[in-house]
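Here the structure is laid out as structure tokens; the discussion comes afterwards.
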Amino acid sequence: MRKYIYMDNAATTKVRKEVLDEMLPYFSDNYGNPSSIYELGSTSRVAVEKAREQVAKVLNAEKNEIFFTAGGSESDNWAIKGVALRNKEKGNHIITSKIEHHAVLHTCQYLEKHGFEVTYLDVDEYGLIDLEELKAAITDNTILITIMYANNEIGTIQPIEEIGKIAKENNIIFHTDAVQAIGSIKIDVKAMNIDLLSLSAHKIYGPKGVGALYIKKGLRLDNLIEGGAQERNRRAGTENVQGIVGLGKAIELAYENLDEKNEKIIYLRDRLMNKIEENLDYIRLNGHRTKRLPGNVNYSFEFIEGESILLSLDMEGIAASSGSACTSGSLDPSHVLLAIGLPHGIAHGSLRLSLGIYNTEEEVDYVVGKLVEIVDRLRNMSPLFNERKTGVK
Amino acid sequence: MRKYIYMDNAATTKVRKEVLDEMLPYFSDNYGNPSSIYELGSTSRVAVEKAREQVAKVLNAEKNEIFFTAGGSESDNWAIKGVALRNKEKGNHIITSKIEHHAVLHTCQYLEKHGFEVTYLDVDEYGLIDLEELKAAITDNTILITIMYANNEIGTIQPIEEIGKIAKENNIIFHTDAVQAIGSIKIDVKAMNIDLLSLSAHKIYGPKGVGALYIKKGLRLDNLIEGGAQERNRRAGTENVQGIVGLGKAIELAYENLDEKNEKIIYLRDRLMNKIEENLDYIRLNGHRTKRLPGNVNYSFEFIEGESILLSLDMEGIAASSGSACTSGSLDPSHVLLAIGLPHGIAHGSLRLSLGIYNTEEEVDYVVGKLVEIVDRLRNMSPLFNERKTGVK
Amino acid sequence: MMYSEKVMEHFKNPRNVGELEDASGVGQVGNAKCGDIMKMFLKIEDGIIEDVKFQTFGCGSAIASSSIATELIKGKTVDEAMSLTNRAVVEALDGLPPVKVHCSVLAEQAIKAALLDYSKKSGIKIEGLDDFDFEEDDHHGELENY
Amino acid sequence: MMYSEKVMEHFKNPRNVGELEDASGVGQVGNAKCGDIMKMFLKIEDGIIEDVKFQTFGCGSAIASSSIATELIKGKTVDEAMSLTNRAVVEALDGLPPVKVHCSVLAEQAIKAALLDYSKKSGIKIEGLDDFDFEEDDHHGELENY
Ligand SMILES: Cc1ncc(COP(=O)(O)O)c(C=O)c1O
Ligand SMILES: Cc1ncc(COP(=O)(O)O)c(C=O)c1O
């Protein structure tokens with residue numbers, strides 16, 4: 001079979017062999033319900049608690065501050081709705097940013113329909129929020145600040161420690177969606193004054209459909225899923241034991257030799273960026289050049305549209321992603337690209353290549369070669385490019 | 001190793017080999033995000049849609065009426081909160097029963113704190129609701145009836161078709177928690193006038209952490225998890241592809257040769273019941289003798305306590321469950337056993353043995369033998385039994 | 001794949017890409033904001049579309065729709081080109097995903113816009129063009145992000 | 001397993017199960033509603049607990065707590081038995097899960113109840129018994145169901 005190059009690690013990742021191996025015994029052998037008192041049940045209980053330790057450790061959290069969920073979206077929904085509903089007597093104001101993931105944005109919009117007020121902070125051309133604006137947005141009614149750790153499209157890393165400080169000084173709960181940051185950035189919830197943190201396994205070579213919410217000790221929020229006494233009465237449902245085991249292993253592995261791995265990925269990323277910039281004109285790097293996730297590359301290519309780039313890459317066996325509307329049949333391109341100030345036309349022509357631990361230098365070089373061909377070919381087909389050349393219009 | 005006899009299939013089940021085999025390619029090979037347009041993404045999309053068909057088919061539903069969730073608890077929460085919040089202008093009254101699973105009961109209690117009124121219907125000594133009481137409970141404000149298909153502890157099957165008819169006649173939305181019924185009972189959502197139905201994979205030899213909610217076409221309810229456009233904008237989060245594939249396969253297999261399988265399980269169940277009743281005095285069958293799940297056996301043993309029965313069975317390599325409080329450190333025994341009228345003392349001494357497709361006649365006979373020994377031994381230790389014998393007190 | 005083989009084939013090898021220096025009529029529809037622009041060049045002689053070229057900024061189905069549309073009208077009469085509907089484009093492509101049907105509408109419109117231009121330049125009246133409505137469709141959904 | 005090996009060992013092979021026909025004092029605490037009843041039979045001679053038996057209705061830790069408690073007081077003086085705390089029972093069992101600590105309290109109370117009975121019957125006053133409070137603890141959580 002033709003070689004397949006996967007450069008969409010920000011969308012999801014392959015389950016690592018070590019992770020799958022760790023999970024396998026929990027399907028048909030150690031299948032006990034962790035709530036059961038017999039042997040088979042306690043085997044599952046022990047496995048779940050081990051995973052809880054593994055997650056807690058990398059965050060510098062306590063074991064009982066970690067609650068397992070079905071993924072990043074559930075964690076975000078739980079954190080935001082849970083805090084809002086629990087504190088509605090105290091205040092009804094939430095601060096977030098314009099470039100959050102939809103799991104945060106749509107949750108905020110939902111709350112707006114139910115009597116809450118939300119400030120959506122602007123970001124600059126690199127995708128960074130302004131700390132002064134954040135401070136200015138705080139009112140006596142502010143009950144929650146939710147700002148993502150790193151952006152999924154453009155990779156921009158926010159000044160989380162500073163945000164945590166501001167939240168703490170103002171006695172406001174601080175949630176961060178760290179779904180993209182986890183596994184790439186060292187996170188210390190204590191030092192950074194993070195009260196709530198969302199993460200998901202499938203972005204770090206773990207399985208899909210499992211994640212966690214870190215909830216600082218003592219912080220109360222409404223439950224999202226009521227029912228049995230699982231997760232210390234805070235998140236009901238028979239535990240996804242095999243998934244939780246996978247998350248634990250994946251997060252542990254992610255933080256082994258992190259610096260070394262990041263060094264390699266950053267080397268590949270920079271090589272990819274340099275080669276793209278050397279070989280193509282009329283392009284724009286989206287996101288910040290240094291405050292950027294190790295694996296994230298995002299460019300807009302003028303005069304052409306993102307989906308046609310993706311399809312062309314796919315024909316060459318390359319998997320990538322785009323902030324283009326056409327990917328999903330929406331009229332508007334990604335809210336993130338618009339928020340950093342891209343005109344619609346240019347935002348439509350964007351491409352995200354996200355690198356992971358399995359990518360190689362050879363792949364990077366191959367992708368650049370193909371990408372240059374594709375961009376040239378599509379531009380030659382584009383009326384916009386031809387207008388520019390001939391000076392028409 | 002010592003032989004292990006698993007008779008707690010109502011708590012959770014082992015993942016069938018055929019199911020795991022179906023899932024395996026979706027961990028590290030076909031790991032694409034179903035929302036991605038490239039080849040690897042559409043492989044996942046196709047797999048998810050196939051599973052949706054498989055689920056729809058057994059329910060006699062349409063494919064686009066099936067929405068995947070993280071399990072039975074999420075489905076219950078979504079259905080109940082979603083309908084309540086969406087219809088709060090229309091009415092604020094919900095009807096349920098006293099023997100629902102906590103995923104339903106606690107959700108109803110949560111809504112009570114937020115301005116809703118809930119009627120908890122009584123059940124008779126067999127665990128059946130009274131249809132006349134149901135009708136009488138309906139008011140102009142009633143927006144939802146949620147009654148479980150079959151009870152997880154005592155196995156009683158409710159008259160779902162009749163309830164559906166009453167709901168329909170009164171133009172009230174009808175949700176049923178079918179987590180225990182699925183895989184044992186033929187369900188036709190159309191014929192039974194079911195508007196919403198919850199199910200979970202891990203009760204039918206599928207993986208933990210994945211389930212579904214059937215939502216009748218045209219029925220609107222609030223989302224529980226906001227975010228990306230997955231599940232047609234109604235349930236956000238990157239799809240648990242491998243889990244969904246497992247659910248699809250598991251449900252398909254569950255309904256293959258259903259009658260034959262049920263015949264075998266009912267034979268085992270009746271043998272187990274007959275032998276227990278022949279060999280032990282001072283016992284009470286909980287639940288209905290015929291309107292009962294094929295695999296469910298539930299007895300109260302007077303004078304002794306459930307956890308000590310479970311521990312003793314575990315020592316003999318037998319996994320079972322109890323409605324006893326002591327299992328979880330609660331003062332009160334199961335709300336289900338109290339609702340069918342058991343005094344606390346007797347409710348504490350209850351035992352559930354739930355049979356599945358892997359149980360054998362040999363196991364049944366072995367379990368009865370051990371159970372008789374255990375009950376005798378514990379009774380001889382019990383002051384209550386000795387009082388009864390000697391007539392003291 | 002969300003697209004039919006036919007769409008992919010036309011996306012891979014689009015027919016009649018380019019421009020015509022000596023076009024009798026040129027039409028452009030769509031806008032960059034929405035992510036689709038189609039430009040059609042027609043060379044018409046004696047009521048026959050002798051040659052046709054296109055340029056498209058847009059997604060895969062936009063490119064494929066343009067490509068097949070050029071094939072469908074090349075060598076045909078102006079009247080035949082006028083009667084090309086977006087449905088015919090969709091059918092010729094063995095279908096388009098619902099969210100992409102607007103691309104076929106654009107292709108139909110681009111041809112009509114070019115015919116209008118030809119009509120104006122040549123003074124030859126074309127039946128049915130006056131009441132044609134070049135509005136944008138807007139049956140779009142919500143952007144997925146992940 | 002939620003229980004220590006010691007608990008399991010005492011659950012499996014409880015010491016001193018049964019009753020004493022000629023008990024000097026009998027005490028029963030707990031009730032069926034809560035799922036735990038312990039009954040202690042003491043045979044006391046010259047201030048020494050010569051024999052002790054128990055009957056328990058309850059969970060594994062209730063049975064193990066009763067069993068170890070009888071071991072801890074057998075052959076001891078009444079004063080020593082009086083000073084047995086639930087903590088000592090928990091420690092002797094190598095720990096109990098938090099939700100099960102009440103079982104050790106019951107064991108302590110059952111002994112004190114038997115000593116009170118003995119005191120009443122024999123007229124021998126025992127230091128510290130008067131102000132002892134036989135209240136039920138209620139640090140219980142929520143019932144899990146699945
Ligand atoms: C009747 C019933 N409803 C709901 C649930 C919850 O399902 P899950 O554990 O998949 O969340 C269960 C089992 O746990 C159940 O038996
Ligand atoms: C920043 C961010 N937040 C939240 C999510 C949602 O996570 P999940 O797909 O696990 O629900 C994602 C990815 O999908 C993400 O990139």
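Convention: sequence-line order gives letters A, B, ...; per-chain numbering from 1.
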Note to self: Can you tell me which residue among A/Asp314, A/Leu313, A/Ile318 is in a side chain to side chain contact (heavy atoms under 4.5 Å, CB included) with B/Tyr38?
What the structure shows: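 Running side chain to side chain contact (heavy atoms under 4.5 Å, CB included) over A/Asp314, A/Leu313, A/Ile318 with B/Tyr38 returns exactly one hit, A/Asp314.
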Can you tell me which portion of [X] sits under 4.5 Å from chain A's heavy atoms? Options are side chain, backbone, both or neither.
{"X": "B/Lys113", "value": "neither"}
{"X": "B/Asn240", "value": "both"}
{"X": "B/Thr13", "value": "backbone"}
{"X": "B/Gln242", "value": "side chain"}

Check: Taking only residues two or more places apart in sequence, or in another chain, which ones meet A/Tyr26 in a ring pair (Phe, Tyr, Trp, His ring centres under 6.0 Å)?
Finding: none
Note to self: Run the ring pair (Phe, Tyr, Trp, His ring centres under 6.0 Å) test against B/Phe116 and tell me which residues pass, sequence neighbours left out.
What the structure shows: none
Answer yes or no: is there a side-chain heavy-atom contact under 4.5 Å between [X] and [Y]?
{"X": "B/Asp8", "Y": "A/Ser36", "result": "yes"}
{"X": "A/Leu224", "Y": "B/Leu224", "result": "yes"}
{"X": "B/Tyr31", "Y": "A/Lys208", "result": "yes"}
{"X": "A/Asn223", "Y": "B/Tyr110", "result": "no"}
{"X": "B/Glu226", "Y": "A/Gln109", "result": "no"}

Which of the residues [options] is involved in the greatest number of heavy-atom pairs with chain B at under 4.5 angstrom?
{"options": "A/Trp78, A/Phe27, A/Phe68", "result": "A/Phe27"}
{"options": "A/Ser28, A/Gly211, A/Ala236", "result": "A/Ser28"}
{"options": "A/Ala70, A/Gly209, A/Gly246, A/Gly243", "result": "A/Gly209"}

Margin query: Restricting to non-hydrogen atoms, name the atom on B/Gly237 and the atom on A/Ser73 that form the minimum distance, rounded to 0.1 Å.
Written below: CA-OG, 3.2 Å
Check: Between A/Leu311 and B/Ile37, what is the shortest heavy-atom contact and its length?
Finding: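 Taking every non-hydrogen atom into account, CD2-CD1, 4.0 Å.
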Return the [atom1] to [atom2] distance between [X] and [Y], rounded to the nearest 0.5 Å.
{"X": "B/Thr12", "Y": "A/Leu40", "atom1": "OG1", "atom2": "CG", "result": "9.5 Å"}
{"X": "B/Asn33", "Y": "A/Lys203", "atom1": "CG", "atom2": "NZ", "result": "6.5 Å"}
{"X": "A/Glu74", "Y": "B/Arg235", "atom1": "CD", "atom2": "CZ", "result": "7.0 Å"}

Item checked: Which residues share a side-chain hydrogen bond (donor to acceptor under 3.5 Å, both in side chains) with A/Asn30, sequence neighbours left out ->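 Residues passing side-chain hydrogen bond (donor to acceptor under 3.5 Å, both in side chains) with A/Asn30: none at all.
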Next item on the list: Kindly say whether A/Gly227 contributes a backbone atom to a donor-acceptor pair with the side chain of B/His106 at under 3.5 angstrom?
Entry: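 Pair found, side chain donor or acceptor close to backbone of A/Gly227.
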Item checked: Toward chain B: residues of residues 16-24 of chain A with heavy atoms under 4.5 Å ->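 Listed by number: A/Leu20, A/Met23, A/Leu24.
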Margin query: Using side-chain contact (heavy atoms from CB on, under 4.5 Å), reason through B/Asp222 and A/His114 one step at a time and then give a plain yes or no.
Written below: CA-CA 12 Å; B/Asp222 275 17; A/His114 287 77; 4.0 Å; yes
